[in-house]
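Worksheet: one structure, shown below.
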There are 2 protein chains.
Amino acid sequence: MAKPDSPRTIQAVEINLNIINFLHEHERARITEIANELEWTKGTIHCHLATLLENEYVVRDGEHYKLGLRYLELGESVKERLGVYDVVTDELDDLAEECDELVQFATEEHGRAVYLYKKGGERAVQTASSVGKREYLHCISLGKAILAYYPRERVEEIIDEYGLPGYTDQTITNREELFDQLETIRERGYAFDDEEKIEGLRCVAAPVKASKDEVLGAVSISGPSSRMTGERYREELPDKVTRSANVIEINTKFS
Amino acid sequence: MAKPDSPRTIQAVEINLNIINFLHEHERARITEIANELEWTKGTIHCHLATLLENEYVVRDGEHYKLGLRYLELGESVKERLGVYDVVTDELDDLAEECDELVQFATEEHGRAVYLYKKGGERAVQTASSVGKREYLHCISLGKAILAYYPRERVEEIIDEYGLPGYTDQTITNREELFDQLETIRERGYAFDDEEKIEGLRCVAAPVKASKDEVLGAVSISGPSSRMTGERYREELPDKVTRSANVIEINTKFS
DNA sequence: GTGATTGTTTGGAAGATGCAAACAATTTTG
DNA sequence: CAAAATTGTTTGCATCTTCCAAACAATCAC
């Protein structure tokens, strides 16, 4: 009757992950608050939190619950596993100072870009994005720089999953147009974002590669369109961002 | 018949947390490996991993599974919630350079010390401890500095839970002796560790307080007993560590 | 090519889990 | 200050999950 839903998914775990996510978004929360929002009974949430407490994944603070330091530990573990984190932060700090614009590093996971680090120069634009923020790949320079080095089938898969939602009238919403541009990016070595996600914001990004066609992530520079013009936008910054990407590549190989 | 185990705990969630913990310890693992180690069937582990994948808490890498970047996001969230992280790292970097010894910051959670940051000077001792590492409170300077400002009942609770395990013949294993020393620490403002956890290692620690009797954590300096002697051990370093703790206190209040 | 691994998918039985309701303990309200 | 409305906690219970065992396809070992 119902579609044979394999892979089967476990309800109790999903409830629990939702609680974790709720605590992530709210910093601290009480039982009824969570129960109301997630639409499970108080008793249920109570048991779930008791389990998390027992295993020390969560902390009580009077009547409130908060995420525990174990997540700090797990985060650190993921950071180490990435193997590029320290190299990236060092290099991006330099790049940010040199350009005096917002510079960022992101990698792909589950078909979207995940920001890992950002650093703003003094007059840099402020964006909401920070560590862990997720974004579609097709509409940002970081994403296009990464996609350019993925096999076509993988890119198709990702488009099939998320589509090509438009944000401004510059966003690429056409499949073939995207593939054309990815080809150009691959030849040229870096990607532009000309107000494709946010009006008035231009970016350049270059991929960080582990080998001929394995991409670790990408570095980008973002700034207001008013400052991102002419030779600076078309040559100077692409050059800088590419060089930074290369520095990261090299330092990653030797560590 | 069985003891009325409330708070009731949810098995499916515990299995899941064990999987997460396994991936934390092993970086990457395949299904059967996890199933054998945790003693559940392949099918069960499969379903659990499918749920984690679906919710993007875990990543597939061919036949292997790894923790996802979401844990980086959660870790960052916990860091921000702490509110002292950046202040601590800045100050400890300075302190490490000034002393040329290992300096650390830890806080208490679930009755144990959790290390949040460490920085080694050039000739500093190398210890296994790093971010997220847990340690009993009674046998390290950081722990005693924290306990000294806890109400007696809370300290009793913690001892009841973990006991006072001995590591060297200097470890405090007697309840009253511990309370005596905590009193001294409270009067003096800092705590020593004279080879109480590790032979040949001496430490000094000072608490970082949020208010009169709320402790945020503690800062410590550790070094080989050969270098930690006389006036340096008894005055110079206690002075430095106390000053650093104060700097953190003040900077925390104004941010 | 055969045997032994994988990971995946089933059906089904047992038992865990989520609900509803009552609990005590606060807090809010009139 | 009492009444009313919250809170978190605990219980018994019905039912729906969940975990197991077994069979499956797909690799891998040799």
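Protein chains get the first letters and strands the later ones, always in sequence-line order, with residue 1 at the start of each.
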Inset, instruction - Show your reasoning for whether salt bridge (Lys or Arg N to Asp or Glu O under 4.0 Å) applies to Glu73(B) and Arg134(A). - result: CA-CA 10 Å; Glu73(B) 189 179 356; Arg134(A) 277 145 219 269; 3.8 Å; yes
Legend entry - Pairs satisfying ring-ring contact (aromatic ring centres under 6.0 Å, His included), at least one member in residues 41-62 of chain B, at least two apart: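 Checked against ring-ring contact (aromatic ring centres under 6.0 Å, His included) - neighbours excluded - the pairs reaching residues 41-62 of chain B are Tyr57(B)-Tyr71(B).
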Legend entry - Short N-O contact, Glu33(A) and Arg30(A), less than 4.0 angstrom: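 A salt bridge is absent here (no side-chain N lies under 4.0 Å from a carboxylate O).
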Let me know the distance between [atom1] of [X] and [atom2] of [N], rounded to the nearest Å.
{"X": "His48(A)", "N": "dG8(D)", "atom1": "NE2", "atom2": "C1'", "value": "16 Å"}
{"X": "Asn18(B)", "N": "dC19(D)", "atom1": "CG", "atom2": "P", "value": "12 Å"}
{"X": "Ile15(A)", "N": "dT18(D)", "atom1": "CD1", "atom2": "P", "value": "8 Å"}

Legend entry - Atom CD of Gln126(B) with >12 non-hydrogen neighbours under 6.0 angstrom: no
Inset, instruction - State whether a side-chain donor-acceptor pair under 3.5 Å links Thr51(B) with Glu14(A). - result: no
Legend entry - Distance-only side-chain donor-acceptor flag, Glu80(A) / Tyr85(A), under 3.5 Å: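 Looking only at side-chain atoms, Tyr85(A) and Glu80(A) do not form any donor-acceptor pair under 3.5 Å.
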Inset, instruction - Would you please classify the geometry between the Phe22(A) ring and the His26(A) ring as parallel, tilted or perpendicular, with 30° and 60° separating the classes? - result: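 Rings of His26(A) and Phe22(A): parallel, under 30°.
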Inset, instruction - Using a heavy-atom cut-off of under 4.0 Å over every strand shown, decide if His64(B) touches base, sugar-phosphate, or nothing. - result: nothing
Inset, instruction - Assess whether side chain to side chain donor-acceptor pair (under 3.5 Å) is satisfied between Tyr149(A) and Glu214(A), documenting all intermediate values. - result: CA-CA 7 Å; Tyr149(A) 295 86; Glu214(A) 195 196 350; over 6 Å; no
Inset, instruction - Please tell me which of the listed nucleotides, dA16(C), dG7(C), dC20(D), lies nearest to the side chain of Glu63(B)? - result: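 The closest nucleotide is dG7(C).
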Legend entry - Upstream residue (5' side of DNA chain D) when Ile10(A) and Tyr65(A) are each assigned their closest nucleotide: Tyr65(A)
Inset, instruction - Output the residues of residues 29-47 of chain A in contact with DNA chain D, where contact means a heavy atom of the residue under 4.0 Å from an atom of the strand; sort by number or write none. - result: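 Those residues whose heavy atoms fall under 4.0 Å from DNA chain D, taken from residues 29-47 of chain A in numerical order, are Arg30(A), Ile31(A), Thr32(A), Lys42(A), Gly43(A), His46(A).
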Legend entry - Proximity of Tyr117(A) and Phe105(A) rings by center, below 6.0 Å: no
Inset, instruction - Go through the N and O atoms of the side chain of Arg60(B) and the base of dG7(C), and report whether any donor-acceptor pair is under 3.5 Å. - result: no
Inset, instruction - Assess whether one donor atom and one acceptor atom, taken from the side chain of Arg8(B) and the base of dG12(D), lie less than 3.5 Å apart. - result: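 Answer yes: a donor N or O sits under 3.5 Å from an acceptor.
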Inset, instruction - Kindly calculate the angle separating the two end axes of the helix from dT8(C)-dA23(D) to dA22(C)-dT9(D), each obtained from five base pairs, and round it to 10 degrees. - result: 50°
